[in-house]
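The block underneath contains the structure these notes are about, expressed in structure tokens.
Letters go in sequence order (proteins before strands), and every chain restarts at 1.
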Amino acid sequence: MKAGLMRATHPAEAAAAHGVPLLEVDRLTLDFATRGGRVKALDQVGFTLDRGQILGLVGESGSGKSVTAFAIMDLLDQAARIETGQIRFTGIDLLARKRRALKELRGREIAMIFQSPRTALHPIRKVGHQIEDVLRAHSSVPPGLRRQKAIEALERVRIPDPARRYEAYPFELSGGMCQRVMIAMALSADPSLLIADEPTTGLDVTTQAVIMDLIRDLVRESGMSVLLITHDLAMAGEYCDRIAVMHAGHIVETAPAHLLLREPAHPYSAKLIAATPAKAASIEALAAIPGNLPDLRQPQPPCRFSTRCERHRPDCDQPPLDAARLGQDHLVLCRHPL
Amino acid sequence: MAVSTLIRDTRYAFGQNPLTLMAAILFVFLVACALLGPTLVPYDPLASDAMARMQPPSLGHPFGTDSLGRDMLSRTIVATRLDLGMAVFAVALSFVVGTAMGAVAGYLGGWMDKVIGRIFDTIMAFPLFVLAMGIVAALGNSVINIVIATAVINLPFYGRFARAEVNVRRDLAFIEAARMGGNGPMSVMARHIVPNILPPMMVQISLNMGWAILNAAGLSFIGLGVRPPEPEWGIMVSEGAAYIFSGEWWTFVFPGMALVLAVFCFNLLGDGLRDMIDPRRRT
Amino acid sequence: MIVLRRLAEAVPSLVGVVIVTFLLSHALPGDPAAYFAGPAANAESVAEVRRTLGLDRSLPVQFGYYLLDLAKGDLGHSLTTGQPVTSDLLQRLPASMELTLAALIVAIAVALPLGIVAALRPNSLADHFCRLTVTIGAAFPTFFVGLLLVYLLYFKLGLVPQPLGRLDEIYFTPPPTVTGFYLIDTLLNGDVDAFRAALSQLILPAVSLALFAMAPLARMTRAAMLTALGSDFVRTARANGLPARKVIFTYALRSAMLSIVNVMGMVFSFLLGSNVLIEQVFGWPGIGAYAVSAVIASDYAAVQGFVLMMAILYVLLNLAVDLAATAIDPRVRFES
């Protein structure tokens with residue numbers, strides 16, 4: 001184990017004791033090198049996540065949600081370059097630390113689950129063995145007890161008949177079951193932060209609710225925090241304490257979930273709410289948001305939503321544009337909020 | 001594809017991979033040797049010289065001379081025509097027959113498809129070089145039969161490829177339109193399907209050339225097909241090998257290196273062509 | 001169960017092989033009887049051969065007799081050795097198998113690590129080195145590589161013994177035949193010196209043979225590892241903080257093995273084919289060298305027997321590959 005991230009005093013508890021949030025992403029700016037030029041994927045992205053909370057990171061695909069998560073997990077591919085910013089976990093800047101130190105964190109303190117659970121598990125390895133692989137990497141469970149621990153992990157995610165499922169291969173399980181297995185793996189080292197990247201994409205509606213209920217129950221049981229990445233604002237509203245809305249590499253609005261859904265301040269948030277099936281008064285209102293995400297290889301105006309915005313005014317294009325504070329916990333990146 | 005894009009892609013491929021450019025230059029050189037070889041060489045490749053036997057490389061004989069005093073440089077260059085010729089004819093035969101069989105199988109389907117597929121499977125059930133040996137032994141020991149044997153063992157590669165491509169394209173809209181326009185199967189295939197599968201086929205042809213050269217030279221190395229004193233790389237290596245224990249390395253190294261260069265050239269060209277046609281499949 | 005099904009799937013290939021070998025030997029453009037009688041035969045002996053081989057009957061009838069003979073293991077008599085072809089081949093088979101398997105082991109031992117390293121760092125120096133080795137390896141004819149190595153390592157440097165067969169029989173006696181593999185039989189016999197001698201004879205031909213088979217193996221390993229390393233489940237393993245070794249070997253390589261095993265068929269085709277050439281170069285007393293002398297002497301029955309035996313061997317090796325793939329991939333097992 002590495003100094004500063006010692007298990008003896010749980011870092012999350014230590015952080016809470018000092019009033020430091022569990023996770024702070026601060027002015028994170030990140031580029032991708034592509035054949036067509038540099039893609040400015042993230043620009044000054046910032047949010048905080050407190051202990052025991054669920055924060056929803058919501059936006060269209062391509063808005064930079066997953067890139068943010070990958071940056072936290074150090075899973076970015078080689079084309080990515082972090083320009084500026086900090087990612088502080090329990091007050092410690094992860095970007096300033098050596099790769100080796102991060103390795104200790106990954107899977108132990110910060111765990112992640114992915115979409116398409118059936119392809120996210122090793123196709124030809126028994127799920128029980130895959131859980132044991134994680135146990136072996138992160139805990140001092142003696143070899144003789146690992147099987148038992150793995151079965152307990154399956155039990156914890158409410159998998160019926162866990163001893164039998166231990167022997168199963170992913171292709172023998174449903175998508176929902178595979179997602180539970182992935183959650184069991186992620187939780188087997190008792191992380192204090194779980195990043196869930198579209199965990200219900202590709203599952204049927206009933207299973208989606210079951211998985212999300214499970215995640216919420218596990219948060220209540222263990223006190224861990226969850227960063228929930230989703231394009232589904234309605235789902236985020238139901239399960240999250242706070243929501244950060246992302247658009248084209250910007251966080252455009254951050255607010256408590258109920259407030260954001262009731263009184264969105266950013267035009268984009270309002271459009272997203274109007275596009276959710278539950279809120280849509282008619283089929284016409286369900287129409288997608290006009291326009292596409294801007295081409296991030298080109299220089300961008302201060303507000304990256306301006307080309308799609310019906311409320312666009314000339315002064316919107318005047319730099320600099322900073323987030324405005326509307327309430328105690330309500331930030332919006334817009335000159336003319338709703 | 002417009003000509004200008006083709007030129008741009010070509011330039012891109014060469015720029016990306018200088019080896020491809022090298023292979024192209026080598027290719028031109030090999031073709032020149034094959035076409036003009038006999039008029040370029042300093043000596044008659046068949047003329048023996050009892051006074052100049054087994055001479056190491058020198059200014060007069062850059063590749064040395066063999067046991068009969070024949071000039072190795074001349075023999076190596078003149079052999080290009082036969083070696084490349086055997087491979088070109090074998091690949092051409094294989095391409096024409098294999099593509100036709102595969103296209104018919106893919107277009108018509110049904111029992112025809114099954115029979116042709118079974119034929120390809122059976123060819124592939126043999127270690128290919130061994131089958132080629134068996135065919136030459138059965139048909140008779142001649143250059144023509146080496147070409148035929150090499151063609152036969154390559155049939156499945158073209159056949160299966162053509163079948164898959166035709167299968168994919170058979171139901172496309174423009175093919176459908178051609179068919180409704182009263183074109184028979186043969187005309188649809190010749191005018192609309194075959195031209196469309198030519199570019200990926202070119203990659204296959206180029207990669208196949210190297211393997212055909214190796215195959216033909218291997219057969220001559222074990223004494224099939226080409227008869228001495230005909231200069232051919234495989235048989236020259238085999239003749240030179242007899243003198244390896246007396247240290248006369250030049251008798252087998254130069255024709256062997258000529259073989260390597262030729263195969264290397266076509267393999268690289270094939271890789272380069274593949275990058276040009278489908279940059280995603282780069283491995 | 002699955003083994004039986006795979007066996008059943010190999011049957012059509014075997015049938016095809018038998019038909020082709022029959023056609024190669026009985027439906028010749030010239031006079032088959034003349035071929036079988038050999039170049040030294042006169043009209044009388046050709047007629048004799050025609051009668052004994054039944055070549056005067058119709059093709060289907062001949063095929064029937066051919067099958068009957070095959071069932072009895074009768075491939076005819078060799079003109080050069082005067083022995084039954086079957087016993088000639090069986091006697092020489094272990095030498096060829098030992099060489100082929102040794103080459104296979106060498107090829108795998110080099111190609112797999114090379115492909116893995118290349119895939120771990122695409123476009124790195126190691127990757128370019130891998131590509132270069134593979135491209136060059138694929139361009140060198142096996143027989144030429146063999147001769148080059150003999151010239152350099154034996155004639156110039158004297159690092160290996162003279163390439164004349166499996167064992168220098170002036171100094172060593174061949175071990176009593178148990179498996180027919182000298183490397184195993186010498187050890188079973190407790191003769192360590194003979195083992196070393198046999199190994200030193202085997203190294204050069206095995207390496208020459210392996211060089212050519214390495215190309216498809218290394219290429220496929222690199223490609224399959226690149227795919228596996230970019231897959232969702234490797235990302236999960238990384239996110240879970242598994243050690244790099246675990247990620248590379250247990251996760252990426254194990255799934256890449258499926259594709260790698262699938263090129264083994266091609267590798268065996270290369271190895272068995274090039275085997276003929278290598279045995280010729282190294283004076284290796286296997287079935288390839290036997291077939292080459294048979295071809296030169298127009299010893300017809302011997303050549304066709306050789307082709308048939310190689311094909312059957314190849315079908316069986318492919319069957320073994322299929323079974324190995326089944327053992328690796330539980331999905332295939334559960335399909336039935």
Checking heavy atoms, do the side chain of [X], its backbone, both or neither come under 4.5 Å from chain C?
X: Asp121(B); value: neither
X: Leu268(B); value: side chain
X: Ile244(B); value: both
X: Ser238(B); value: neither
X: Met257(B); value: both

With chain C, which of [options] has the greatest number of heavy-atom pairs at distances under 4.5 Å?
options: Pro255(B), Gly247(B), Gly223(B), Gly210(B); answer: Gly247(B)
options: Thr122(B), Val130(B), Ile123(B); answer: Val130(B)
options: Ala241(B), Gly140(B), Gly218(B); answer: Gly218(B)
options: Ala262(B), Gly256(B), Ala217(B); answer: Gly256(B)

Problem set entry | Pairing of Asp271(B) and Arg219(C) as salt bridge, 4.0 angstrom limit | yes
Problem set entry | Residues Glu9(C), Arg6(C): salt bridge by 4.0 Å N-O rule | yes
Which atoms of [X] are under 4.5 Å from chain B, going by heavy atoms: the side chain, the backbone, both sets, or neither?
X: Val17(C); answer: both
X: Ile136(C); answer: both
X: Phe155(C); answer: side chain

Problem set entry | Thr142(C) and Leu211(C), any side-chain heavy atoms less than 4.5 Å apart | no
For this session: Please work out whether the ring planes of Trp249(B) and Tyr151(C) are parallel, tilted or perpendicular, with thresholds of 30° and 60°.
Result: tilted
Pick from [options] with the largest number of heavy-atom pairs that fall under 4.5 Å of chain B:
options: Pro12(C), Pro122(C), Ala10(C); result: Pro12(C)
options: Gly265(C), Ser269(C), Gly16(C); result: Ser269(C)
options: Val315(C), Val145(C), Leu14(C), Ile296(C); result: Ile296(C)

Using the benzene-type ring in the case of Trp, are the ring centres of [X] and [Y] under 6.0 Å apart?
X: Trp233(B); Y: Phe254(B); answer: no
X: Phe245(B); Y: Tyr154(C); answer: yes
X: Phe264(B); Y: Phe140(C); answer: no

Exercise. If you count the non-hydrogen atoms of other residues, nucleotides and ligands that lie under 6.0 Å from CE in Met202(B), is the total more than 12?
Worked result: no
For this session: I would like to know whether Glu230(B) and Ile235(B) meet side-chain contact (heavy atoms from CB on, under 4.5 Å); could you show each step before the answer?
Result: CA-CA 9 Å; Glu230(B) 189 83 15; Ile235(B) 205 165; over 6 Å; no
For this session: Measure across Val263(B) and Ala138(C) and return the closest heavy-atom pair with its distance rounded to 0.1 Å.
Result: CG1-O, 4.0 Å
